[in-house]
Amino acid sequence: DFGSQYTQLIARRIREAHVYCEIVPYNADLSKFDNESVKGFILSGGPSSITEDDAPHLPSSFFDTDRPILGICYGMFLLAEQFGGRVEVSHTREFGSAQFSALDSPLFANINKLSTVWMSHGDSLQGMPEEFEIIGSSDSLKAAAIACESKKMYGLQFHPEVHHSDEGKKILENYLFNICKLKGDWTTETFIERSIKQIREQVGDGRVILGISGGVDSTVAAMLLTKAIGNKLEAVFVDNGLLRKDEFESVTKLLRELKINLHLVDRSEMFMSRLAGVDDPEKKRKIIGTTFIDVFEEESERLGVVDFLAQGTLYPDVIESVSFKGPSATIKSHHNVGGLKDKMKLTLVEPLRELFKDEVRELGRSLGLPDRFIGRHPFPGPGLAVRVLGEVTKERCDLLREVDYIFIEELHNFGIYNDIWQAFSVLLPIKAVGVMGDERTYEHVVALRAVTSVDGMTADWARIDPDILSHISNRIIRNVRGVNRVAYDISSKPPATIEWE
Ligand code: XMP
């Protein structure tokens, strides 16, 4: 990975072809690759110009490999430079769609010889590297694709991983199957088998504690661990009083059906009393985080010797933590039970750390999780505490639970729940004047938030039909005592965030 905005997309495309791959920063320890199971390399694009003095490079020894290398954009310039090619900053930056004409090459087997590709770069190849030849050109770039067949090295100046490159998927598949000779046998079933074996090897006779949040990730992790080690998994589900209406009960019922060794702990009063009088969002988040750790510690003491802490960490979290991008500012402190492992010297077990979110959903599906559960919108760890603005009390949470229940139920009724990435209600810390019958009212205001998004990093407000919104608003005001006004949040992220706190 040389820092391209498309690196994750390359990984996605490869995995969609049922080939396992990992993203590794360019400055990782190369001995990691002294492993027979590594069948080929892809060098990603990146924001740097290779002509800059501090441009990222790989050690020369990397290129002694007898395994195939595909360089994409910046990756192609690295290959070219390594073998004596000349790269210059282009006078005309080519950005966006271009017409590409492919010559004969195993990389371009069975594709249309004329196709649209996606370019995004500022450098261009002016002198060919030794033993390489041109295998494709675009309107303005003679050397838009190069290859050295004897070394099995290929370079593409365009981005095959981007949908706008019409033949991109086939080109990547040609690389994987024709050139790297991979099989494409990485499926959910093989993942489950491999993962069970790994968990058993790691855990041995030890016991594993796992916090259940009621979300898809921790549930799928629990299912996988149960398959691997049965009752040596101690799954702890804490009622913190901040879950949605009926959530604790319905998740419990499901987990019991899935035969997960479950411990239920009601600590809602403890959470509520610690939150009493606190209205600062960051303070709320910190209190909830430390309270979770305290409850967890209490529980594992009660359970006796526990050796491992399981977490539903996903691949994007792993990439974030190893990435060489500068540390980004903390917008909100996301809670997790990470602090626990250091405090109690537990070893981490992370069975989902190789997977993307939708791969976890697919895994859940083949492990037997019902569709309705898998398709649930994300729900934040601090729960309703960050949706009850101002002080968090049981009464205010109860009121919000009723409102939110109606909102979500109606989204299901109108068949639009699955078109929305996340929807929820927020209780505002103000009151508003209204009129009901002949009476003046002075009551609570709630906001409804529904967003469309791909990954939660950016989001736009969902364009729900005004008639549907009107129906929902009427039902809330008619049925939830104490609410006389409903607002719909029409801000996008950025500059707003999805949650209000
Ligand atoms: P924001 O509000 O930052 O949220 O735009 C982006 C996504 O993250 C969820 N979120 C959290 N998830 N613990 C979580 O597990 C948290 O503390 C947390 N805070 C926000 C939020 O619901 C949205 O999906």
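Order of appearance sets the numbers: ligands from 1, and atoms from 1 within every ligand. Count residues from 1 along the sequence.
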For [X], the ligand 1 atoms whose distance to one of its heavy atoms is below 4.0 Å:
X	result
Pro382	13 (N), 16 (C), 17 (O)
Thr497	1 (P), 2 (O), 5 (O)
Arg285	16 (C), 17 (O), 18 (C), 19 (N), 20 (C)

Out of Glu501, Arg449, Lys493, Glu499, who gets a non-hydrogen atom closest to atom 3 (O) of ligand 1?
Lys493
For Lys284, run the salt bridge (charged side-chain N to carboxylate O under 4.0 Å, His left out) check against Glu391, Glu501, Glu499 and tell me which one passes.
Glu501
List for me each residue that meets ring-ring contact (aromatic ring centres under 6.0 Å, His included) alongside His377, sequence neighbours excluded, and say none if there are none.
Tyr417
When you compare the side chains of Arg481 and His444, does any donor N or O come within less than 3.5 Å of an acceptor on the partner?
no
Under 3.5 Å between any N/O of Pro378 and any N/O of ligand 1: does that happen in this structure?
no
Ligand 1 N/O within reach of Gly381 N/O, cut-off under 3.5 Å
yes
Between Trp421 and ligand 1, which part of the residue brings a heavy atom under 4.0 Å of the ligand: side chain, backbone, both or neither?
side chain
cation_pi(Arg387, Phe379) dist<6.0 Å, angle<=45:
no
Are Phe191 and Tyr20 near enough that their ring centres are under 6.0 Å apart?
no
Identify, with sequence neighbours excluded, every residue that meets side-chain hydrogen bond (donor to acceptor under 3.5 Å, both in side chains) alongside Arg274.
Thr291, Asp294
In this structure, does ligand 1 have an atom that sits under 4.0 Å from one of the heavy atoms of Met457?
no
